[in-house]
Amino acid sequence: MSSSNTGGPEEPFLRAAGMTKSFGSKVVVDDVTINFFPGKILALLGENGAGKSTLISMICGQYRPDSGSLTVHGKTCTFRSPKDALKAGIGVVYQDFRLVPPFSVVENVVLGTRSRPNRRAAARIEEIAAELGFQVPTHALVQDLVVGQQQQVEIIKLLFRGLDILILDEPTAVLTPQQSSQLFTALRAIADSGKSVVFVSHRLAEVVESADHVTVLRGGRVVADQPAHGLNKSDLALLMVGDGIATTTRAARNRPVGHSVLRLKNASTAGQGRDVLNGASLELHAGEVVGVAGVSGNGQRPLADVVAGIVPLTSGTRETQEERIAYIPEDRLGTGLVGSMTIAQNLQMRDYRSEKSGNPWWINPKTLLAQAEPLIEEFHIPAAASIKVSALSGGGQQRVIVAREVRDEPRILVASQPTRGLDVVSSTAVREHLLDIADKQGAVLVISEDLDELLEVCDRILVMVGGEVVAEVPRKEATRLSLGLLMVGSPDGEASQ
Amino acid sequence: MDFLSFALTSAIVLGTPLILAALGELVSERSGVINLSVEGMMLVGAATGFVVTFSTGNIALGFAAAALSGGALALVHAFLCVGLKANQIISGLTLALLGAGLASFIGRDFAGLPIPSYISPLSIPLLSDIPFLGPIFFERDIIVYAAFAAVIITAIVLKRTRIGQWLKASGEAPAAADAAGVPVFIVRYTAVVFGGLMAGIAGAYFSTVFVRLWSDNLTAGRGWIAIALVIFASWRPLLLVPGALLFGFLDSLNFQFQTMGITVSTDILGMSPFVITLVALTIVWWRQQRHGGAGVPRALGLPYERESRI
């Protein structure tokens with residue numbers, strides 16, 4: 001595949017050819033060839049399980065490829081560890097970061113280099129930060145920084161080492177829209193200084209806006225490799241998911257909004273730090289989808305727990321007559337499922353005390369499996385009932401949770417980050433189920449960091465800052481920009497854009 | 001010699017092997033590997049050290065052999081836990097029992113035999129002239145001085161050197177250390193083996209300097225106390241010293257009450273260090289829970305795997 005970059009130098013910094021990697025019998029990356037050019041931003045686009053992360057891991061020495069060759073600056077390389085890749089000038093900003101929490105910023109940046117965490121290093125860090133418009137306190141401990149700052153430390157770490165190739169894995173997953181645009185401004189500055197920048201994403205909008213070149217992976221193979229200029233979102237979506245699959249949720253319907261089913265007044269929760277409720281109020285009505293937007297850690301998690309009724313309030317009130325409350329929690333394997341148990345057992349988990357499971361003292365494995373079968377079919381769970389949940393992909397696991405929570409048509413459904421980390425097809429399926437509940441006159445509360453998702457499914461959107469609901473916007477009036485500005489606490493931001 | 005100075009002296013002498021063993025364990029744990037076989041490594045070191053010293057008449061050789069034998073046992077632990085990613089608790093417990101058996105085997109023909117006192121106290125000029133404290137602290141043998149020096153050196157290495165940063169990073173966030181180019185596996189191997197060397201030396205101090213004979217189960221649980229001391233000290237080297245001295249003092253009461261003719265059940269006295277350990281652990285843990293940041297290395301006990309999928 002010839003690279004069609006325009007005007008830049010033709011010699012790539014890095015060429016990975018014929019990269020292949022299997023886990024067990026599954027080929028995750030299949031004969032992928034990719035080039036990183038100096039001065040360019042390359043977007044690596046693909047659904048979950050398309051092989052993006054595995055490809056990156058091979059390029060940075062984390063995984064060893066089964067076959068394929070890496071050429072860096074014209075020299076063939078074999079990386080046995082991330083250290084080898086660093087020596088060749090390749091660095092990665094991982095999604096979950098690779099920082100030592102109790103170390104200071106300077107200590108983290110110099111770790112593994114020949115520099116010492118002294119004043120000279122701190123000055124160099126401040127210099128790099130200033131060039132990129134970052135604000136990082138060099139002597140603060142990394143564990144005291146917010147996520148956006150930690151990411152900036154990661155980027156500085158790579159530039160401090162003078163690396164040529166920066167790879168960022170899903171860098172915007174944890175950022176607000178404003179932080180994201182700041183990040184892309186910084187990435188552009190880095191590329192303009194002659195380095196090669198690569199970012200992994202499945203957010204179409206940012207790929208179209210920010211990249212010079214796009215490589216799309218599907219099922220471990222390259223399905224497109226072309227300049228970003230002239231591409232639009234639906235082209236990319238089609239490339240990502242292949243032909244013939246609906247990628248957008250059906251248009252919202254006009255549902256009659258019913259009576260109030262749950263009311264939260266000045267609710268506060270116990271706990272330390274920022275992620276608590278601090279006088280939050282909201283009301284849910286039957287047949288309505290309510291969204292909650294906010295920068296992560298502003299009380300969304302306790303809000304979900306409180307509405308679902310699993311965390312007590314320290315002050316304020318929670319009024320509801322409904323008992324059929326379902327909860328799709330944020331932490332899929334932590335609170336949603338038991339990874340070491342089978343799909344059938346996990347599906348049963350809500351019903352172990354009811355007559356539905358037969359004898360309340362005795363679990364009949366056959367009944368369990370038989371009851372799971374129709375759900376597996378209806379909710380397209382991609383494995384047999386006797387398979388352990390931990391063996392499923394994120395999308396498969398989420399389908400199990402959704403199946404369990406949604407099948408009894410709850411009156412109130414709380415869905416926290418319901419499509420985080422899911423591919424387009426799984427996300428669409430999950431959103432369909434949320435809308436179905438509302439159609440059946442249930443109240444749905446969706447907490448999400450994906451503003452496009454909220455704009456797509458919700459009737460109205462609440463914005464949380466500091467444990468409070470600070471604003472409510474009807475869907476028709478909401479835009480990404482207006483929500484983003486409310487999230488960072490500037491309510492009149494739209495005028496000052 | 002009055003009671004107080006005698007008590008302080010024996011606290012130092014009995015605290016020394018605890019300091020040595022606990023310091024080794026602390027380094028191992030800061031790298032992320034918990035090693036519960038300290039007792040086993042101490043016993044092997046005690047037996048080997050005694051046998052070699054008895055046979056050759058050279059105590060330096062005895063200490064070297066003790067260090068190597070403790071290190072060898074630790075190497076097995078490192079191979080299992082760092083190399084093969086086995087469960088650190090199970091490996092440690094198994095090696096503790098294996099070490100005790102091995103030590104009995106090594107020392108079988110030497111039980112009860114006496115050796116002369118090879119190491120005599122080294123009086124430090126000027127300092128030993130300080131009234132009261134001088135003779136207590138500065139007329140000790142070279143191993144005592146070495147143990148205290150080792151504590152200070154370790155504290156400095158941890159705080160001020162690149163090796164120290166590598167060690168802490170490997171124990172706090174091995175994936176981050178690896179991504180930054182720190183050789184996590186080598187760091188952990190080295191730290192675990194260092195722990196074994198120190199435990200071996202601690203055992204040899206006990207058998208060749210303190211009691212000067214070998215018998216089965218000679219260290220009588222002091223290896224376990226060394227592990228508790230690390231928690232006691234919140235994984236900070238300097239804080240090992242007060243804890244070790246306290247336990248050394250308690251230990252010495254056992255000997256003193258006997259010589260003073262006070263009749264206290266030796267069984268009860270023998271249990272007292274462990275009772276204190278339980279009480280101390282409760283207090284330390286409770287305090288740490290309330291104030292957060294217990295100082296536990298975050299990756300303690302967790303094997304690090306680079307290709308951690310499937």
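So that the names make sense, note that chain A is the first sequence line, chain B the second, and so on, each numbered from 1.
- Counting only heavy atoms from C-beta outward, the side chains of A:Val389 and A:Val338 never approach each other to under 4.5 Å.
- Between the B:Thr161 side chain and the B:Gly164 main chain, a donor and an acceptor come within less than 3.5 Å of each other.
- When heavy atoms are compared at a cutoff of 4.5 Å, A:Ser57 does not approach chain B at all.
- Of the N and O atoms on the side chains of B:Ser91 and B:His77, at least one donor lies less than 3.5 Å from an acceptor on the other residue.
- Residue with the most contacts toward chain A among B:Ala177, B:Ala169, B:Pro183: B:Ala169 (heavy-atom pairs, distance under 4.5 Å).
- Between chain B and the options A:Gly112, A:Pro82, A:Ser390, A:Ala85, heavy-atom pairs under 4.5 Å are most frequent for A:Pro82.
- B:Glu172 is not listed as a side-chain neighbour of A:Gln143, based on a closest heavy-atom distance of 4.5 Å or more.
- Between A:Phe23 and A:Tyr63, a ring centre-to-centre spacing shorter than 6.0 Å is recorded.
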### Task
Mind running side-chain contact (heavy atoms from CB on, under 4.5 Å) on B:Trp224 and B:Val38 for me, showing each step along the way?
CA-CA 7 Å; B:Trp224 300 105; B:Val38 180; over 6 Å; no
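- Between the side chain of A:Gln151 and the main chain of A:Pro171, a donor-acceptor pair closer than 3.5 Å is present.
- Of all residues in residues 86-96 of chain A, those placing a non-hydrogen atom less than 4.5 angstrom from a non-hydrogen atom of chain B are A:Leu86, A:Tyr94.
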